[in-house]
Every structure is written in C-alpha cells, then in structure tokens.
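Right, one structure below, let's go through it.
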2 protein chains.
Amino acid sequence: MPTSTPTSTPTSTARRTPADKHDERRRALADSALRTLGELGYARASLREIANNSEFSHGVVHYYFDDKLDLIVHCVQQYKATCVRRYDDVVEHASTPEGLVEAFAAKLVDTLVDEAPMHRLWYDLRAQSMFEESLREAVLAIDQTLEDMIWRVVRRYADLLGREPAVPSGTAYGMLDGLFQRALLAHLCGSGEVLTSLAAEVRRTMPLLFGAPVAGD
Amino acid sequence: MPTSTPTSTPTSTARRTPADKHDERRRALADSALRTLGELGYARASLREIANNSEFSHGVVHYYFDDKLDLIVHCVQQYKATCVRRYDDVVEHASTPEGLVEAFAAKLVDTLVDEAPMHRLWYDLRAQSMFEESLREAVLAIDQTLEDMIWRVVRRYADLLGREPAVPSGTAYGMLDGLFQRALLAHLCGSGEVLTSLAAEVRRTMPLLFGAPVAGD
DNA sequence: GATAATTCTTGACGATCGTCAAGGCCGAGC
DNA sequence: GCTCGGCCTTGACGATCGTCAAGAATTATC
C-alpha cells in the first residue's frame, strides 16, 4: 500500500513509488556495472567506462551510490541473488544419485560457458578482498551462500545415496570450487576439452566425497 | 671461461661479469617488487611504491625492465622458483602414508602462515590472467609447476599406500588448491582455528583421492 | 688521472582515475 | 503558466599512474 499516492494514473495498485524508481535505477546501473566489471575486472573498470556501457553519464554514479566501493558491493550482492538458486532445479528433480551428478555436472558446464565473465569477476573480487578489508564482508557473505548452495547438492546426493558425506560442507565447497576455478581458467584460455573434462571430474569427485570410488574406474 | 676478462682483479675464476651484475640488480628489484606486490596486490602496487620499498628510485625500473608487465612477469617467475621445491623434503623423508600426510599438512599450514602475502598475490595474478591475456603464459606455467609439485606428493603417497590415485593430477591439484585458497582467505580474515581445520581437511582429503575414507570417521 | 661507458636520479609529460559542484532539463503541484 | 524539486549532464579539480628524456653520479678503461 503506497503512502501519499499520486492522484493521477492510479491504474494499478501500489505502482511506482519514487523509492521504487530509485531502486530500479540502482539496479539498472548495477547491471551495467556488472557487464563492464565482468569484461575488464575490478581494477580496470572505471566509473566512466561503466557509465559508458549504460544509458547514463559518468556523474550519475555518485547520485545513486556513495562511491565506487558502494557500487561494487551492491553489484556483488545483486549478482549473488541471481546465482544462488542456480542448482535448485537440479536438486529438486533428481531421483537417482547418478542422475543428480549428471545434471549437476551439466549445469556446471553450462555456467562455465554462459557466465564466464561473471565468474572471473567473482574470483577477482575474492582475491581483492584478501588485500582490501572493505570488500571482505560482502565477499564472505557470498562465499557462505555459495557454500550452502553446493551443500544442498551434496546433501541431496547423500539422501539419494543413503550415505553420509565424508567431508563437511566447507571442504566440499572448497574442493568443487577449486575444480571449477581451474576449469574456468582453461576455458578462458580457449581450451575446448575442458568442458567434457570438468564434467568427468565432477562425476568422479562426487562419489569421492563419500569415500566411494566410482565404479569401473 | 669468461670472454674478454678484465686484466685487473683476477682474484677468482669468472667472478662478477657485467651481465651477472645486471641480473643481480634485476633480482634485487624483483625481490622488492614481490614484497610490495604481496602487500598491495597487482592493481595497487605502483612502480613508485615498489621503488620506494627498494634502495633505488622509481626511474630505475625502466632501466632493468621493459615496462611494468615485464617486471611483474619476472617477479612471478622468480617467485615460482622459490616455492616449487617446498615439499620435496616432505616427499623424500616420509616412510609411511600417515607420516607423509601429517608432514604435508604441517608444511601447508606453515606456508599459509609464513607466506600469506605471496600466496594472495599468486591468487590475485591468476585472477588477473583471466582478464589480461599477456599474463596467461607465465601464470599457466606456474600453475603447471604447482600441479606437478602436488602430484609428486600424491604419487609418493600412492607408493607408500600401495594403491593408485583415483583422480588425475589436475583434479588433485584443483581440489587441494581450492582448500588452500579457502583457508588463506579465512586466515587473512583473522581466523585462528583455520590452521587446525586445514590440517584436518588435508588428512581427510588425501585418502579420499584414493577412494578410501580415513578410518574412524 | 683523463676519458668513456655504465648506472642511477630527477623532473616532467600526457593520460586517467574518483569525486564533486554548478547548472540544465523536465514533469508535478499550486 | 509559473514555479519548484528531484534527476541527470557537464566540466573541472587534484591526485596518481606509467613512461621517458636529460643529466648527474659512479665505475670501468687506458
């Protein structure tokens, strides 16, 4: 229910309060910024370049954000929301352990191809947070979210398998993230076979998390 | 046998040819640069700051190196040489699988504490190489060297265990590197328990690489 | 000890960065 | 229709960057 609604154009209920428009602009700016950041990385993406890739001019950034860091952190949090539920379908629709692993591996490969710029930005930001303390809070929050996301997959796999994971959630995330990061670098270097080998790695690794080698290997 | 040896001061054989001095200066400069890079990261370490942390002035960099990238790449390669043999003792002196894992884990924890700046720099550079193509060759070379280093540990563990690894070398490296990277971030965030939990993770993970859960878990 | 080559310092250049203030644009409200 | 207040552009600011040229300082050579 909007307060102080305008008397004109009451077409739909609770539409377009000024605060909404403000948030919408912030979202649009953050989207442009994410595109530029994914292309140039944290250090080389200037506010002017970010604005050039949007429909606004470079001065507008300081109207919607305090400074560059405020924009970056907002971008990062906005990005988190889009990727945290990426594997929910996989978890939900799997009915066998093998099917889950297969769907998970396929989704990982899709992500590697479709969202490579976003993910190299993520690894860039995580590395920057090792130097810049002001980035750590946002980075750690995302890292925890990603760990939870991976853990939902592992837990579902455990349920389908009827066994308990041999490693805690942080370890599982660290290992799988390491594999993905390696595959991303190879993919960006033009390696084609990395797509199949990442899938193979995941197929082999998931059972290992339960101390069970995959059959026929 | 030095060519065109100076007639004066022939004290020792083939000492201090001009080229040697040149290389020595490059090494000293690269050492200073590595200190600064480890403190500030790739993006924020300027040539002036690097020179300030050395005994030279900022102009001298372009006397010994073509440009900033040339310096960085040389730094990275110099750093590689110091860390690639870090686990050789561990491999050589281990007589049981458990002893090897224990020594390896301890060495990893030592490295995490003692060389944290160097390793966050490494992760920074690897992330930058995802954007900057001119960094990739040097980064990939180091990555391969590190993979080989880890693989020597795993192979030795396999021999002591009398079994074959369940994963190829790249997978083993990716997984362990992921664990180390996670632990480094936690360590830089002031976590104290990460030291013991990294060791525990490694103790648990090494047997998993062979499809064998550690006993009593 | 004079001369030549090497090594290093200094200062400047143009470019680019984040930031901010001044002002124009434009629709809402009286 | 005029005004007023949010929204956005423009242009400038100081700072800092990589790079380089000119010359001082040091070392080597005869």
Side-chain angles (χ1 to χ4, degrees), chain A residues 2-11 15-30 32-33 36-37 40-75 128 132 134-135, chain B residues 2-11 15-30 32-33 36-37 40-75 128 132 134-135:
Chain A
T3 63
S4 72
T5 46
T7 56
S8 61
T9 65
T11 51
R15 275 291 303 259
R16 195 54 61 82
T17 205
D20 285 345
K21 189 150 189 170
H22 197 268
D23 286 356
E24 190 179 305
R25 283 277 192 262
R26 277 170 66 96
R27 165 169 288 273
L29 260 176
S32 296
T36 308
L37 284 164
L40 299 179
Y42 173 75
R44 300 148 57 97
S46 70
L47 294 181
R48 284 173 172 81
E49 192 63 30
I50 288 173
N52 275 351
N53 288 11
S54 79
E55 46 181 348
F56 305 108
S57 65
H58 73 270
V60 84
V61 175
H62 286 87
Y63 185 78
Y64 289 104
F65 297 94
D66 292 343
D67 53 9
K68 188 181 184 179
L69 205 74
D70 186 29
L71 168 64
I72 303 280
V73 169
H74 186 83
C75 285
Q128 296 313 311
E132 182 116 8
S134 41
L135 277 173
Chain B
T3 63
S4 73
T5 47
T7 56
S8 61
T9 65
T11 50
R15 274 294 301 256
R16 192 56 58 86
T17 202
D20 284 346
K21 189 152 190 168
H22 198 267
D23 286 357
E24 190 179 306
R25 283 276 192 263
R26 278 171 64 96
R27 164 169 289 274
L29 260 176
S32 296
T36 308
L37 284 164
L40 299 179
Y42 173 74
R44 300 149 57 96
S46 71
L47 294 181
R48 283 172 173 84
E49 192 62 33
I50 289 173
N52 275 353
N53 289 10
S54 79
E55 47 180 346
F56 304 109
S57 64
H58 71 270
V60 85
V61 175
H62 286 87
Y63 185 78
Y64 288 104
F65 297 93
D66 292 342
D67 53 8
K68 188 180 183 182
L69 205 73
D70 185 30
L71 168 64
I72 302 280
V73 168
H74 185 84
C75 285
Q128 296 312 310
E132 183 116 6
S134 41
L135 277 172

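Side-chain atoms are counted along with the backbone in the values below, which use heavy atoms only and exclude waters and symmetry mates. All chains are named by letter (A, B, ...) in the order of the sequence lines, taking the proteins before the strands, and each is independently numbered beginning at 1.
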When the distance from CZ of B:F56 to C1' of C:dC8 is rounded to whole Å, what number comes out? 9 Å
For A:L40 and C:dT16, what is the distance between atoms CG and P respectively, to the nearest whole Å? 14 Å
Rounded interatomic separation in angstrom, taking CZ from A:R25 and C1' from D:dC8: 9 Å
Below 3.5 Å is the cut-off: list the nitrogen or oxygen pairs between protein and nucleotides 10-14 of chain C, distance only.
unit_1: C:dG11; atom_1: O6; unit_2: B:H58; atom_2: NE2; d: 2.8
unit_1: C:dA12; atom_1: N6; unit_2: B:R48; atom_2: NH2; d: 2.9

If we ignore hydrogens and angles and just use 3.5 Å, is the side chain of A:R26 paired with the main-chain N or O of A:F65 as donor and acceptor? no
Could you check which of C:dC17, C:dT7, D:dC8 has an atom nearest any side-chain atom of A:S46? C:dC17
To the nearest angstrom, the CD-P distance between B:E24 and C:dT6 comes to 18 Å
From CZ of A:R44 over to C1' of C:dG18, roughly how many Å is that when rounded to an integer? 18 Å
Rounded to the nearest Å, what distance is computed from the CG atom of residue B:N52 to the P atom of nucleotide D:dT16? 12 Å
Do A:R25 and A:F56 come close enough that some side-chain heavy atom pair is under 4.5 Å? yes
Rounded to the nearest angstrom, tell me the gap between atom CD in B:E49 and atom P in D:dA15. 17 Å
For A:H58, the ring pair (Phe, Tyr, Trp, His ring centres under 6.0 Å) test, sequence neighbours excluded, returns none
Counting only non-hydrogen atoms, which of residues 62-73 of chain B are less than 4.0 Å from DNA chain D? B:H62, B:D67, B:K68
If I take atom NE2 in residue B:H22 and atom C1' in nucleotide C:dC8, what distance separates them, rounded to the nearest angstrom? 12 Å
